[in-house]
Participant: 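Here you go, one structure.
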Amino acid sequence: MDERSVWEKIADQLRSRSMWMLHYCTGCGAVELPPSMTSRFDMERLGMGPMATPRQADILLITGYLSVKTLRRVIYTYEKMADPKYVIGFGSCTINGGIYFDSYSTINRLDYYLPVDLYIAGCMPRPEAILNAFNTLMEMIRKGEANGWKRYKENYEWYKQNQLRSLGEVIVHDEFHE
Amino acid sequence: MTGLATAGRVAGVLFTAFFFGLTFEGIGRKITARIQKRYGPPWYQNFIDVFKTLTKHGWTHGWIFDFGVLMALGGVIATLSFVPLGNLVAFPGLDNFFVIAYLFTVGALGMAMGMVGTGNPWASIGVARALTLMLGYEVPYLIVITTLLFYYKTGNISSIIEAQAQAGEWNIVKFPIGALVALISLQGMLGKEPFEAPIAPAEIASGPMVELSAKYMGLLMLMNTFMEFIEISLFVDFFLGGGTFFVFLLKYFIVWTFAVMVSAVLPRFRIEQAVAFYWTVPILLAFLQAFFVVNGWVF
Ligand code: SF4
């Protein structure tokens with residue numbers, strides 16, 4: 001791993017204490033997010049909060065299964081986020097397809113398509129597991145280990161190949177009429 | 001020598017707005033959290049948020065966008081340096097309400113221009129809503145403030161503060177109806193519920209801010225803090241009698257807390273409901289206050 005400068009280290013401290021997340025709620029796992037945000041588990045205590053737009057977000061939460069059609073949106077969304085950005089795969093569907101492992105329309109492993117920094121196992125993970133994962137991610141950011149965004153740039157060709165293979169021949173006219 | 005002193009005072013005002021603005025915002029988040037029975041983030045969370053956004057690498061959307069962001073921040077900083085913080089006045093004698101009202105639009109227009117320059121439809125909708133809302137709260141607010149200026153026969157804010165000190169009575173007692181109208185307008189200026197329609201994160205993806213990444217977001221957060229500082233400072237100066245620097249900050253904090261608490265328990269108006277509301281209740285009250293003042297019924 002390349003050495004971080006002092007400024008990068010300070011910046012990483014700041015980044016780990018203020019994480020804005022964009023939750024891409026496709027799967028059922030998303031119902032665990034409201035309890036993690038509201039009074040019982042109170043995610044804002046850690047400086048985290050939901051953000052409405054990818055431009056401002058630091059974390060992309062993929063909460064569950066992704067169909068091939070939503071995959072394209074997720075990729076658009078990820079590429080719109082500002083560096084450094086982190087991806088959390090949420091629930092077993094993002095790890096190996098979960099109960100949809102043999103479905104014709106969903107993808108099985110998220111990290112073929114996007115650089116996942118952290119997975120949360122479970123179907124679905126409880127709020128405790130989610131907060132635990134956020135703590136781990138903060139720790140990783142402070143240590144400079146959460147660099148999926150660099151991996152994505154370095155291995156862009158490989159990711160692109162995988163994305164294209166899943167999406168098939170893509171002719172995009174514009175975002176709404178593909 | 002005087003130039004140096006002025007520079008020192010301007011720096012003082014800007015630093016106060018930066019430090020206390022962000023601190024009070026952090027405390028406001030904590031208060032909202034407590035109302036919702038949560039623990040809430042630490043009071044310095046907003047400092048971390050701003051500095052974090054400044055460390056990230058964002059995108060520009062063309063020179064109109066860049067220019068708009070700079071114009072917004074610059075315009076608001078220019079306005080701020082004319083606002084008296086109690087007895088801390090950066091340019092004594094020049095702290096005229098009309099100067100502030102005039103300069104304030106530079107910031108707002110810069111924001112509108114830059115955000116529309118991103119080309120994102122949500123941004124345009126957000127800006128349109130912000131300007132529509134402005135049409136709502138500005139009218140009653142300006143009626144009340146002009147009434148005040150008419151009563152004191154001056155546009156100078158420091159003189160109004162002094163007049164209150166000499167009368168030994170704050171304007172909130174002297175003009176209770178006007179103060180109420182100004183308070184309702186303040187809620188809209190701050191963009192707090194029930195007048196939160198321009199931002200509306202759940203509906204139009206935070207409106208004007210939708211395309212702001214990283215550094216730009218940080219600058220606009222600062223601008224927002226400064227804008228809130230100006231708006232509340234004006235209320236404190238006009239209606240709560242200004243006071244020395246620390247008394248001023250205390251009054252500021254009370255007004256801010258009140259606004260936060262109101263916003264924490266209310267839902268949101270739709271934009272046309274908000275304007276319709278402003279153009280019925282507050283505008284009538286504002287006219288009532290103006291009527292009283294013109295007839296000399298002030299005690
Ligand atoms: S992991 Fe389970 S809870 Fe999560 S999306 Fe898949 S099926 Fe739903």
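Lettering follows sequence order; numbering is per chain, from 1. Since we're looking at a predicted model, the values are computed, not measured.
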Participant: Report yes if the side chains of B:F51 and A:I10 come closer than 4.5 Å at any heavy-atom pair, otherwise no.
Facilitator: no

Participant: Please report the shortest heavy-atom distance between A:T53 and B:V210, naming the atom on each side.
Facilitator: OG1-O, 2.9 Å

Participant: Let me confirm one number: the NZ-CG distance from B:K52 to A:D12, rounded to the nearest 0.5 Å.
Facilitator: 12.5 Å

Participant: With side chains defined as the heavy atoms from C-beta onward, is the minimum distance between A:D83 and B:W59 less than 4.5 Å?
Facilitator: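 Heavy-atom side-chain distance check fails, nothing below 4.5 Å.
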
Participant: Starting at CZ of A:R15, measure out to OG1 of B:T53 and round the result to the nearest 0.5 Å.
Facilitator: 11.0 Å

Participant: By a 4.5 Å heavy-atom criterion (distance strictly below it), what part of B:Q45 contacts chain A: side chain, backbone, both, or neither?
Facilitator: side chain

Participant: Can you check whether anything in residues 17-31 of chain B gets within less than 4.5 Å of chain A, heavy-atom wise, and list it by number?
Facilitator: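 Heavy-atom contacts from residues 17-31 of chain B to chain A are B:R29.
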
Participant: Atom CH2 in A:W20, atom CG in B:D49: separation rounded to 0.5 Å?
Facilitator: 5.0 Å

Participant: Which residues, numbered in order, of residues 28-35 of chain A come under 4.5 angstrom of chain B by heavy-atom distance?
Facilitator: none

Participant: Within this structure, what is the OG-NZ distance for the pair B:S213 and A:K80, rounded to the nearest 0.5 Å?
Facilitator: 10.5 Å

Participant: Look at A:P84, A:P54, A:A52, A:S18 and state which one has the largest set of heavy-atom pairs under 4.5 Å with chain B.
Facilitator: A:S18

Participant: Are more than 12 heavy atoms from other residues, nucleotides or ligands located less than 6.0 Å from atom CZ of A:R126?
Facilitator: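 Incorrect, the count does not exceed 12.
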
Participant: Considering heavy atoms only, which positions within residues 39-50 of chain A lie below 4.5 Å of chain B?
Facilitator: A:S39, A:D42, A:E44, A:R45, A:G47

Participant: Tell me which of these, B:Q36, B:K56, B:K37, B:M217, has more heavy-atom pairs under 4.5 Å with chain A than the rest.
Facilitator: B:K56

Participant: When only heavy atoms count and the cut-off is under 4.5 Å, which of residues 55-63 of chain A reach chain B?
Facilitator: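 A:R55, A:Q56, A:A57, A:D58 fall under the 4.5 Å cut-off.
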
Participant: Please indicate whether B:M134 has more than 12 foreign heavy atoms, meaning atoms of other residues, nucleotides or ligands, lying under 6.0 Å from its CE.
Facilitator: yes

